[in-house]
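These notes are about the structure you will find just below.
Letters A, B, ... mirror the listed sequences (proteins, then strands); counts begin at 1.
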2 protein chains.
Amino acid sequence: MSEQRPIRAKSGANHEGTSAHNRRVIIDALRVNGALSRADLARATGLTKQAVSNLIETLEGDGLVASEELVRKGRGQPSTPYRLVADGAYSIGLQIDRHISRVIVVDLVGNILARATAKVPPRAPEEGVAVLLDLVAGVRAAFAAGRPDAEARIAGIGVAMPGPFGVEIADDSLWLMQAWQSFPLVERLAAGTGLAVSLQNDAAACATAERMLGAAHGLDHAVCIYVGYGIGAGLILGGELYSGGHGNAGEIGMVLFGEPDELVPLEHRASIASLYALVGIDPADPGQFDRLEALVAAGDRRVADWIGRAARDLRRAVHTAETLFDPQTVILSGGVPGALMPALVAAIEPLLPSLSPTAGRAVPRLRLGMTDPWAVAIGAAADPIRRAFDPSFSAILKRQGE
Amino acid sequence: MSEQRPIRAKSGANHEGTSAHNRRVIIDALRVNGALSRADLARATGLTKQAVSNLIETLEGDGLVASEELVRKGRGQPSTPYRLVADGAYSIGLQIDRHISRVIVVDLVGNILARATAKVPPRAPEEGVAVLLDLVAGVRAAFAAGRPDAEARIAGIGVAMPGPFGVEIADDSLWLMQAWQSFPLVERLAAGTGLAVSLQNDAAACATAERMLGAAHGLDHAVCIYVGYGIGAGLILGGELYSGGHGNAGEIGMVLFGEPDELVPLEHRASIASLYALVGIDPADPGQFDRLEALVAAGDRRVADWIGRAARDLRRAVHTAETLFDPQTVILSGGVPGALMPALVAAIEPLLPSLSPTAGRAVPRLRLGMTDPWAVAIGAAADPIRRAFDPSFSAILKRQGE
DNA sequence: ACGAATAAGTCAAGCAATTTGACTTAATAA
DNA sequence: TTATTAAGTCAAATTGCTTGACTTATTCGT
């Protein structure tokens, strides 16, 4: 008798799932459109007025939405707009990076309530976790002061760090934080904070931030190329963040460009790490951004050279992303403030001709996204909120997390 | 007062949607696993025994599933396995291509019941539609003979033709069927047959076929590179076919490879069109495959050269696809039978190192898929069945087709 | 051979959540 | 002033999953 093969099947659904979905759809609609009346919501979601009323009632009871002043807009009874309550939920974002780690606390609509930074030892995650737990405890106490039920409203901790995860790769001379990537970080942070912890790579976090608050707001198909010490792409496909079969989708920094006999990963030419190496800036230097900005302003030859080479490969990367993903837009984000990123975007233009329609576009083919060094932390913080409140297939299903 | 901006929102869900989803989940489980008892289905889907029993009852009433012989497998009451009924639904697939068009009729489990071919004028879709309607009517009558309620069980017509759609591109010397791509084909076929008609590109159709019956059976993340007169990739992402923001995702044939000063789309070097052009085979020749096979068997120098160049670009294409999509497997399919495609896959190996895990894989990184010239037609026919019976987010929602 | 254990499946009531259709309220337009 | 329009409520109906007890059929252990 043959060995019992596991049965593979997708999860079933039940009423609780549909209700959860409908709640999320309403929250999503309020986030994308601002305040809406129940009648508006009913029309926009396809639900009945009655169903929307019931859902709004529970959401209001949960402190997630609140009504505004009556609005008279023509004939008929005036409508009561509802909007998201910023203090309805909070979320903690944690970016772990090579030279600095950042924590941030945001509310349901993305306001930043507290932030802090620390350094963690890149090769000693065990000690690093202690530092991070202190850091989190600090901001948690700071923002909770004066907010009565703040603790109960924390959706979780979103962690972002450089990927890829679960992969042994030959060291390619960039600093990969291998020790952290094989460490049970999620479990340790969950145990140390009592909160739900989720992990994603920095590019995915950036895409989450762009979708919730930035250049991809309201779009369902977007590729967000994140230029940091490494390069990755966060993928919004069909309205959801796509992470692939093993959690490593979008690692566009590892795509090979250059001559056929000397193929080079994109991030060897276009990452901030490669620029810093070229101009001799130490990424651990707290004044790194000012020094870089001075070089850019001075028209430094090496910076211009780097922009030229980086833009050449990025132009092909954008073309490849457009061709393979057919997104509504490609966003270039990066953790470097100032004039560099706009200059890089300008240097990438004109884009290579692609399938992407040129006429009648609502958004440009390529646009600059966030260049705030805190963008990844913001996106990390957005992740628990997204998980808790955004419509998604898995939210409907009985077995979660598939 | 400002102009009324349309409200954007996702669709809500209701009981009918959950039930529809659960039915699909059960059909999907039976397709992937073969016959299963209701208790097995309950465990695999997370539904209760009772819910599964009710669903099976309606499915059996609809003639979609049927019970088999009791099975004794240890202690406890014997179980009653259920399996899909092949004749529960039929579907028509229509491949429109440059030199030949193919129709096929398949049943719910993928058996081929009828097929036929015709030629349509590549630049005169108006006349072509008449030919196609005749062709469809012919196979429809042929397969329906002797099957009482065949007509009522036809899920629809799936049409596959070369993409991309809705795009004006500068002619790149390959034959692009532009006239057909801007023609209201779906509407005309729907009106002429009274059936639901869906359109996809040939690579997507191939991926659908591979997922339902071939090398991607049961996988939720796969990239299917289809090497035909052009090259495209069908994307199975998160268990669903992904088509992008404008319906043109996966056009990997248009990704540029080669030297930086002479970037060439993949399909200029690796498509069957490029091979035929090189060795002087006319794709309209009915003996095209035999002639090609003879050249391959004879070890023709030009064929070997083509394989070498095509494999070099395809190796990078596979690497790019692995890096961006992080699939469980990459499948290489093509409309050319015989030894060519296996030789091409062999020439692509060894693959470039990528993020894709090498140890503990259930499926290889790259594998050969269907090389039947009918593969695209089969996939086209699989599409209406997929739409009607596969679990998908949109199936749960009130407003369909989003 | 017999009872205990185990597993599949049914029955009937319970329950959650949307839907339906009539009704109420409040505004503008004619 | 009245008709019309639109927002929102009320209460009953309906759909479809869940619950828990029960039945049936088989194997295992003694």
Side-chain angles (χ1 to χ4, degrees), chain A residues 1 4 7 10-26 35-62 65 67-82 395-399, chain B residues 1 4 7 10-26 35-62 65 67-82 395-399:
Chain A
M1 194 138 294
Q4 200 71 8
I7 297 170
K10 298 202 152 51
S11 168
N14 59 11
H15 298 162
E16 211 178 328
T18 60
S19 177
H21 170 73
N22 289 341
R23 273 197 300 275
R24 288 162 179 256
V25 164
I26 289 191
L36 292 175
S37 71
R38 282 167 288 183
D40 285 337
L41 284 165
R43 277 187 296 267
T45 60
L47 293 167
T48 60
K49 285 186 297 185
Q50 188 58 58
V52 172
S53 273
N54 297 340
L55 291 163
I56 285 283
E57 191 178 18
T58 69
L59 289 172
E60 193 166 23
D62 291 345
V65 307
S67 58
E68 297 189 326
E69 283 297 294
L70 285 189
V71 168
R72 269 175 289 272
K73 53 182 174 199
R75 234 177 228 194
Q77 176 169 331
S79 61
T80 318
Y82 282 80
I396 294 177
L397 307 179
K398 294 188 66 176
R399 292 192 315 249
Chain B
M1 193 137 295
Q4 201 71 6
I7 297 169
K10 297 202 153 52
S11 167
N14 58 11
H15 300 159
E16 210 179 327
T18 60
S19 178
H21 170 73
N22 290 342
R23 274 197 300 275
R24 286 160 179 256
V25 164
I26 288 187
L36 293 175
S37 71
R38 282 166 288 183
D40 285 338
L41 284 166
R43 277 187 297 267
T45 60
L47 294 166
T48 59
K49 284 185 299 186
Q50 188 57 61
V52 171
S53 274
N54 296 342
L55 291 164
I56 285 284
E57 191 177 16
T58 69
L59 289 172
E60 193 167 23
D62 291 345
V65 308
S67 58
E68 298 191 322
E69 282 298 294
L70 285 189
V71 168
R72 272 173 287 272
K73 53 182 174 201
R75 226 177 238 196
Q77 177 170 330
S79 61
T80 318
Y82 283 80
I396 294 177
L397 307 179
K398 293 187 68 177
R399 290 195 315 250

Looking only at side-chain N and O atoms, does A:N22 come under 4.0 Å of OP1 or OP2 in C:dT18? yes
Whole-Å gap separating C1' (C:dA16) and CG (A:L47): 15 Å
B:S19 side-chain proximity, nearest of C:dT18, D:dG16, D:dT9: D:dG16
Are the side chain of B:S19 and the backbone of B:E16 linked by a donor-acceptor contact shorter than 3.5 Å? no
Would you say the side chain of B:I56 lies within less than 4.5 Å of the side chain of B:V52, judging by non-hydrogen atoms? yes
Expressed as a whole number of angstroms, how long is the span from A:K398:NZ to C:dA16:C1'? 13 Å
On the nucleotide C:dT20, are OP1 or OP2 found under 4.0 Å from the side-chain N or O atoms that A:T48 carries? no
Counting just side-chain N and O atoms, does B:N14 come under 4.0 Å of either OP1 or OP2 of C:dT19? yes
Okay, side chain of B:N22, backbone of A:A13: is any donor-acceptor separation there less than 3.5 Å? yes
Write down the distance between NE2 (B:H15) and C1' (C:dA17), rounded to a whole number of angstrom. 4 Å
To the nearest Å, how far apart are A:N54 CG and D:dT9 P? 9 Å
Any side-chain to backbone donor/acceptor pair from B:S11 onto B:K398? Under 3.5 Å, distance only. yes
Students often get this wrong, so: under 4.0 angstrom with heavy atoms, is A:R23 touching a base, only sugar-phosphate, or nothing? nothing
Compare every heavy atom of A:K10 with every heavy atom of B:V25, then report the nearest pair and how far apart it is. CG1-O, 3.2 Å
Return yes if some donor-acceptor pair links the side-chain N/O of A:T45 with the main-chain N/O of A:L47 below 3.5 Å, else return no. yes
Nearest whole angstrom, please: distance from the P of C:dA17 to the CG of A:L59. 13 Å
Would you kindly give the CD1-to-C1' distance between A:I56 and D:dA7, to the nearest whole Å? 14 Å
Nearest-nucleotide 5' precedence on DNA chain D, A:A13 against A:S37: A:S37
Sugar-phosphate means primed atoms, P, OP1 and OP2; the rest is base. With that split, encode nucleotides 21-30 of chain C 5' to 3' as B, S or - using protein heavy atoms under 4.0 Å. ----BBBBS-
Should B:I7 and A:L36 be marked as a side chain to side chain contact (heavy atoms under 4.5 Å, CB included) after you check the CA-CA gap, both sets of side-chain angles, and the distance that decides it? CA-CA 9 Å; B:I7 297 169; A:L36 292 175; 3.7 Å; yes
Send over the distance from B:R43 CZ to C:dG9 C1', rounded to a whole Å. 12 Å
Output the rounded distance in Å from CD (A:E60) to P (D:dT9). 10 Å
Determine: side-chain N/O of B:S53 to OP1/OP2 of C:dT10, distance under 4.0 Å, yes or no. yes
Just N and O in the side chain of B:T80: are any of them under 4.0 Å from OP1 or OP2 of C:dG9? yes
